[in-house]
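Notes follow the structure.
Worth saying up front: this structure is predicted, and the values here are computed from it rather than measured. Both ligands and their constituent atoms are indexed starting at 1 by order of listing.
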Amino acid sequence: MIDTHEDLRARLTAIGQEHVLRFWDELDGAQRESLAAELSALDLETLPALIASVLEATPHESGALEPCELIELGDDRATQARDARAREAGAALLSEGKVAAFLVAGGQGTRLGYDGPKGRFPVGPLTHRSLFAYHAHRVRATCRRYDATLPYYVMTSTLNHDSSVAAFNEAENFGLEPDQVSLFQQGMLPAVDLEGKILLADKHKLALSPDGHGGSFAALMRSGALDDMERRGIEQVFYFQVDNPLAPVFDPVFLGHHVLAGAEMSTKVVPKSDPHEKVGVLGKIDGKLGVIEYSDLSDELAKRTDDQGRLVFRAGNIAIHAMSVPFIRRIASGDLSLPVHRALKKVPHVDANGVQVSPSEPNAIKMETFVFDALPLAQTSITQEVRREDEFAPVKNAEGSDSPAVTSQMLSDQGKRWMKAAGLSQPPGPVEVGPLFALDQEEFLATLTRSDFGPVFDRS
Ligand code: UTP
């Protein structure tokens, strides 16, 4: 419900933010309605505590750091048997229809600088299949493999919701059943100036940005997605991020390790490519599992190796999680809240005189929560090490590392590895294997017929 102007003014005055209504008398009806709606969607009463927690750049104490236990990579018989047991447990869960896929796609994608939701970005090396299509095709292929209708939830934000819905509509849900797919929006938080005052992007608009992937928990609950999961008998959620077309959605081995351990929230990691790769690593902070930010790892710890020459802190977080539905409910109900992080940014805004300002220096603090901050709150977790070349090719930057060129190359390279395993000669140019053709090498080998020559291997 949208508050009346007087209610809003009183609530804003109580928290020292009434300046956001300073242009009210100049606004037309639609503009007033829109500003009131933005304000009503915020939890104004808890805002002062959030703002206070990010206002001071308190010196960061990282705590005592130790590596965490890993389900390690390996090719030996014992590892294969271990993973086969996990695969069986995960496959049973999938066949019983007890897992949902959950894609987070509400980010701003600032580094990529693409005009549209990142999910629309074309990454297929030859067909230019979009990120949304890769993920949805994997969901479909998994449903087909396990003969189950597994639901798919997609989190967007105000910034890209309508265009994301349009992408799904235009593609007729990428072949998924309409009642299998739901898109919902995450929460937004205002940027504040260095005194903690909310900034206005325009006279009738707050400077809002998505509340971070940690907003997933609250958004799942608020949107009704969590109720829907419980109604459908979903027990586990496979969490992944829109920018990674190699994300093995519903991976049965990972899900199996997670449920066999009775874990509440689990994570996949890849060995860091070098000691100074800028990625958070899974480890123990003061005895509790969490993500150690790369800036918190001293040079000595980053370079430390074990007796096999492997980095001790090598467990690079690739943001693929399994979470139990009761755990999501517990976090979302708010008794265990996630910390809010501050990011100093340049935020364009209107000043007290209504003049548009485009700052050349950081002028504002954006607030965000991170999904991995829920890890220390889980009673049990597993951390599984996987191969980067098979599972992690995120599109983050326009150029250089983690750019579309690298992602496309990695998708093509995976296809070429599978072709090689099948004894096919590989073309000099790129190849592309659609998830509906094969989800993994085993399926590729089983699916291949004499008429499949590539370079595009696909089914609809
Ligand atoms: P990133 O932190 O890499 O951010 O998000 P981003 O928004 O994609 O890109 P930059 O930092 O602005 O360049 C990792 C994943 O988390 C999602 C993103 O959509 C992406 O899938 N995410 C991030 C959300 O869903 N909501 C958020 O508030 C932030």
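If you check which protein heavy atom lies closest to atom 22 (N) of ligand 1, you get Gly107 N, 3.5 Å. Protein heavy atom nearest atom 1 (P) of ligand 1, with residue, atom name and distance: Arg111 NH2, 3.8 Å. For atom 6 (P) of ligand 1, the closest heavy atom belonging to the protein is Gly109 N, 3.6 Å. Nearest protein heavy-atom contact of atom 16 (O) of ligand 1 is His213 CD2, 3.4 Å. For atom 14 (C) of ligand 1, the nearest protein heavy atom (residue, atom name, distance) is Gln241 OE1, 3.2 Å. Nearest protein heavy-atom neighbour of atom 26 (N) of ligand 1: Gln186 OE1, 2.7 Å. Nearest to atom 8 (O) of ligand 1 among the protein's heavy atoms is Lys118 NZ, 3.1 Å.
Ligand 1 is approached by Gly212 to a heavy-atom distance shorter than 4.0 Å.
The distance criterion of under 3.5 Å between nitrogen or oxygen atoms is not met by Met155 with respect to ligand 1. The distance criterion of under 3.5 Å between nitrogen or oxygen atoms is not met by Tyr239 with respect to ligand 1.
Between Tyr239 and His321, the angle of the ring planes lies from 30° to 60°, which puts this pair in the tilted group.
Atom CD of Glu56 has 12 or fewer neighbouring heavy atoms from other residues, nucleotides or ligands inside a 6.0 Å radius. The local environment of CD in Glu442 is sparse, with at most 12 non-hydrogen atoms from other residues, nucleotides or ligands closer than 6.0 Å.
A pairwise comparison of heavy atoms in Tyr114 and Pro117 identifies CE2-O, 3.5 Å as the closest pair.
Of all the heavy atoms of Pro210, the ones lying under 4.0 Å from any atom of ligand 1 are found in both the backbone and the side chain.
Under the 4.0 Å criterion applied to side-chain N and carboxylate O atoms, Asp402 and Lys278 are not assigned as salt-bridge partners.
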